Amino acid sequence: MTTGVRRGATMNIGEVLERLEPEFPDMTVSKLRYLESEGLVRPDRSPAGYRRYTEEDVARLKWVLRQQRDRFL
């Protein structure tokens, strides 16, 4: 399990799922991709096209997921 990410570092989609798992155990890669397709998060891409998430992206994902869960949005 990832214990922390240094400032300025990015995470891949699996690392993001690990970060979200304690609060959102049913989160999947598909749901992350869906949230991106809806414009709710916009991770950078590596030269090879892989998603690279920042701490800010993870914070935004947590906010969005809490809104969905707590306010039925």
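Quick caveat: nothing in here was measured; it's all calculated off a predicted structure. In what follows, every heavy atom counts, from backbone to side chain, and hydrogens, waters and symmetry copies are set aside.
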Going from [atom1] on [X] to [atom2] on [Y], what distance comes out if it is rounded to the nearest 0.5 angstrom?
X     : Y     : atom1 : atom2 : value
Lys62 : Asp57 : NZ    : CG    : 12.5 Å
Leu61 : Lys31 : CG    : NZ    : 10.5 Å
Leu40 : Leu32 : CG    : CG    : 11.5 Å
Ile13 : Thr28 : CD1   : OG1   : 9.0 Å
Glu18 : Glu15 : CD    : CD    : 6.5 Å

Contacts of Arg52 meeting side chain to side chain donor-acceptor pair (under 3.5 Å) (sequence neighbours excluded), chain-then-number -> Thr10
Can you tell me if Glu23 uses its side chain to pair, donor with acceptor, with the backbone of Leu20 under 3.5 Å?
-> no
Any non-hydrogen side-chain atom of [X] less than 4.5 Å from a side-chain atom of [Y]?
X     : Y     : answer
Arg19 : Glu55 : yes
Val41 : Val64 : no
Glu36 : Arg51 : yes
Phe24 : Arg66 : yes
Tyr34 : Glu38 : yes

Identify, with sequence neighbours excluded, every residue that meets side-chain contact (heavy atoms from CB on, under 4.5 Å) alongside Glu56.
-> Thr54
Could you give me the CA-CA distance, side-chain angles and deciding distance for Tyr53 and Asn12, then say whether side-chain contact (heavy atoms from CB on, under 4.5 Å) is met?
-> CA-CA 6 Å; Tyr53 295 86; Asn12 65 35; over 6 Å; no
Find out if a path of hydrophobic residues (ILVMFWY) with successive side-chain heavy-atom gaps under 4.5 Å connects Leu17 to Tyr50.
-> no
